[in-house]
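Reviewing the structure listed below.
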Amino acid sequence: QGDAAAAGGPGRAIAGRARGGARVVRAVHRSGCVRVSVVIPTFNRAGVVGQAVASALAQTHGDLEVIVVDDGSTDDTAARLRPWLADGRVRWLRRPHGGVAAARNAGVAVATGPVVAFLDSDDLWKPDKLACELAVLTRHPEVDVVFSDLEKFDGALYLGSFMRASPVFLRRLLDAAHPDGRPLPPRAVYLALLEEAFVKPSALTLRREAFWRAGGFDESWSSSEDWEFLLRLARTARFAYVDRPLAVLRVSPDSLHRVDQARGETAMLALLVRERARLRDDPEARAAVARSLRERVKQLAWHYEDGGARRRAATAYLRGFRITRDPTLLVRAAGVWAPPALRRCLRRAARGLRRGGPAALPGGDRDARPEPSGGLLPGAERAVGGREGAGQAPPRGAPDAGPWPSAAASAALVMGNAVGRTPVASATALAMAAAAPTTGGSPTPRTPKGPASEGTSTSSTVTGGTSAAPGSR
């Protein structure tokens, strides 16, 4: 238990309560409460995994088992975990490296409790997390899933409420504070999840049968596997939310969205394109997907711009247009190459197109630029170019239909290397073409109903929780 007690920051404060709370833990354990299986997947997190285990054992709800799934670690994770195995509630499962989705599934497969809670090995729980969530499940037997707010540490950045930095969740689901928890409308949860992954694994507790009914985590996903699972889960399960930060999310320097942001963004784009394909008869949900796709494309392009890769950024926007048919992305592609004065004009043109287009969101400007995340991975933008609908306009009156670029804009897209040869001239022509009035045969611009008329964000940045800081793009 040495590394847990010696740890600094929030880990020390929470882990230190394990010994003081032992008497309470034993008393609750004897009372025969619902057993909770805590699944902690870990891979090369020897320095922090003990803190996660300590925060789980420090729960005031003591009838639990802690299943640590070592996903083929090559560091001294095994040695660091050995002292914790003296507690009969801790189990260690070592397996070949297969990714976090496979590790979570393996943990649930050996779980004995009817309720499962996930805790990532670099995160922490507050001592009353499980007790609060189980109380909600007891009061509301119709609820399958309960999640809570989180605190977030990301380097020097601290967020006291992750959920209040999640705009879609705030707009759709948080009408008032509910510290004791309340069920959420299933349809609203699904629509919000199409735009934002506001539920984080370390804040998620659910009935084991609901986990398997949804099919568990898809082990073919090495990134965005939690969002993919949540979307499937939301189709069959009822969610409840506890409006208290009961978990602590700690973003490490080698987190995926730092070292491999392009792969994460492209995985989310692929997920959204897949989801859109199954929603052909649901205009409201397709409108939510359209907004989410536009945000993901922007995040990927901004990532490349921050790394100085303007050509990749422009390509991401153009391929994003192929996926979404959102003309604002054409204008943004032009802006990548434009001088500052012209970029300001292009931003105004993009906002004008958006107000009448498929991503219109009255009541807020979603062009706020998040802080740069850094990093550059060549070639990752290829995954953006999904072929669904490429080069084709949807039928007249389709739910996603917005203003379409004129023939001049379409011609600009197939001019080969025009952008590379004459950046400013091509950018200007492209922007003017995209902003030009649509011509005969184009669908009539229409504003989608439902969520589009209400008035969103982020993945590690947009989808799920980092507030967008006012920016210049």
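For the pairing with Arg139, the side chain to side chain contact (heavy atoms under 4.5 Å, CB included) check across Val136, Leu137, Val143 returns one residue only, Val136. Between Ser121 and the options Val69, Ile40, Val68, a side chain to side chain contact (heavy atoms under 4.5 Å, CB included) holds for only Ile40.
Between Tyr304 and Arg310 there is no side-chain heavy-atom pair separated by less than 4.5 Å. Inter-residue side-chain proximity for Val145 and Leu233 is flagged as met; some heavy-atom pair is nearer than 4.5 Å. Using a 4.5 Å heavy-atom threshold, the side chains of Pro179 and Val242 count as separate. Residues Val38 and Ile67 fail the side-chain proximity criterion, which asks for heavy atoms closer than 4.5 Å. Side-chain contact between Glu225 and Asp218 is absent, with no heavy atoms from C-beta onward closer than 4.5 Å. At least one side-chain heavy atom of Pro114 sits under 4.5 Å from a side-chain heavy atom of Val34. Contact annotation: the side chain of Leu184 approaches that of Phe147 to within less than 4.5 Å [non-hydrogen atoms, C-beta and beyond]. Side-chain atoms of Phe162 and Leu249, non-hydrogen and from C-beta on, do get closer than 4.5 Å to each other.
Between Thr324 atom OG1 and Arg296 atom CZ the span is 13.5 Å, to the nearest 0.5 Å. Between atom CG of residue Asp123 and atom CD of residue Glu151 there is a gap of 11.5 Å, rounded to the nearest 0.5 Å. To the nearest 0.5 angstrom, Arg238 atom CZ is 13.5 Å from Thr236 atom OG1. To the nearest 0.5 Å, atom CZ of residue Arg274 and atom CG of residue Leu279 are 10.5 Å apart. One finds the CG atom of Asp243 at 10.5 Å from the CG atom of Asp180 (value rounded to the nearest 0.5 Å). The OG1 atom of Thr205 sits 7.0 Å away from the CG atom of Leu134 when rounded to the nearest 0.5 Å.
Both the sub-6.0 Å distance and the 45° axial angle are not jointly satisfied by Arg250 relative to the ring of Phe153.
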Begin with the C-alpha distance, continue with both residues' side-chain angles, and end with the deciding distance and a verdict on side-chain contact (heavy atoms from CB on, under 4.5 Å) for Leu206 and Phe211.
CA-CA 7 Å; Leu206 72 166; Phe211 176 85; 3.8 Å; yes
Residue pair Ser292, Leu194: steps toward the side-chain contact (heavy atoms from CB on, under 4.5 Å) verdict:
CA-CA 7 Å; Ser292 190; Leu194 287 173; 5.7 Å; no
side-chain contact (heavy atoms from CB on, under 4.5 Å) between Val146 and Phe239, intermediate numbers included
CA-CA 6 Å; Val146 60; Phe239 284 62; over 6 Å; no
For Glu305 and Arg312, run salt bridge (Lys or Arg N to Asp or Glu O under 4.0 Å): C-alpha distance rounded to whole Å, both residues' side-chain angles, the deciding distance at 0.1 Å, then the answer.
CA-CA 8 Å; Glu305 286 189 77; Arg312 291 185 185 277; over 6 Å; no
Check the pair Arg235 / Glu275 against salt bridge (Lys or Arg N to Asp or Glu O under 4.0 Å), numbers first and verdict last.
CA-CA 12 Å; Arg235 297 175 203 152; Glu275 203 70 12; 2.7 Å; yes
Go through the steps to decide whether Asp70 and Val49 satisfy the test side-chain contact (heavy atoms from CB on, under 4.5 Å), and finish with yes or no.
CA-CA 10 Å; Asp70 185 349; Val49 64; over 6 Å; no
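Taking each heavy atom of Arg286 and Arg276 in turn, the nearest pair found is NH1-O, 3.0 Å. When all heavy atoms are compared, the tightest approach of Ala102 to Gly98 is CB-O, 3.7 Å. In plain terms, the two heavy atoms of Ala247 and Trp125 that are nearest each other are CB-CD1, 3.9 Å. In terms of heavy atoms, Arg311 sits closest to Trp337 at CA-CZ2, 3.7 Å. Shown here for Leu300 and Ala316, the closest heavy-atom pair between the two residues is CD2-CB, 4.2 Å. The two residues Pro245 and Lys126 have their closest heavy-atom pair at O-NZ, 3.3 Å.
Centroid-to-centroid, the aromatic rings of Phe118 and Phe217 come within less than 6.0 Å.
In this structure, Glu265 does not pair ionically with Lys298, as no charged nitrogen and carboxylate oxygen lie closer than 4.0 Å. Using a 4.0 Å cut-off between charged nitrogen and carboxylate oxygen, Asp120 and Arg45 do not count as a salt-bridge pair. Under the 4.0 Å criterion applied to side-chain N and carboxylate O atoms, Arg291 and Glu295 are not assigned as salt-bridge partners. The residues Asp149 and Arg164 are annotated as salt-bridged, a charged nitrogen and a carboxylate oxygen being separated by less than 4.0 angstrom.
Residue pairs meeting the salt bridge (charged side-chain N to carboxylate O under 4.0 Å, His left out) criterion with at least one member in residues 207-216, sequence neighbours excluded: Asp144-Arg213. Pairs of residues two or more places apart, or lying in two chains, that qualify as ring-ring contact (aromatic ring centres under 6.0 Å, His included) and include a residue from residues 165-189 are Phe169-Phe198, Phe169-Tyr241.
Under 3.5 Å, the side chains of Ser55 and Lys129 contain no donor-acceptor pair of N or O atoms.
Shown here are the side-chain hydrogen bond (donor to acceptor under 3.5 Å, both in side chains) partners of Arg95, two or more places apart in sequence or in another chain: Asp71.
The environment of Asp175 atom CG is dense: over 12 non-hydrogen atoms of other residues, nucleotides or ligands sit within 6.0 angstrom.
Checking side-chain atoms of Ser37 against main-chain N and O of Gly113 turns up a donor-acceptor pair under 3.5 Å.
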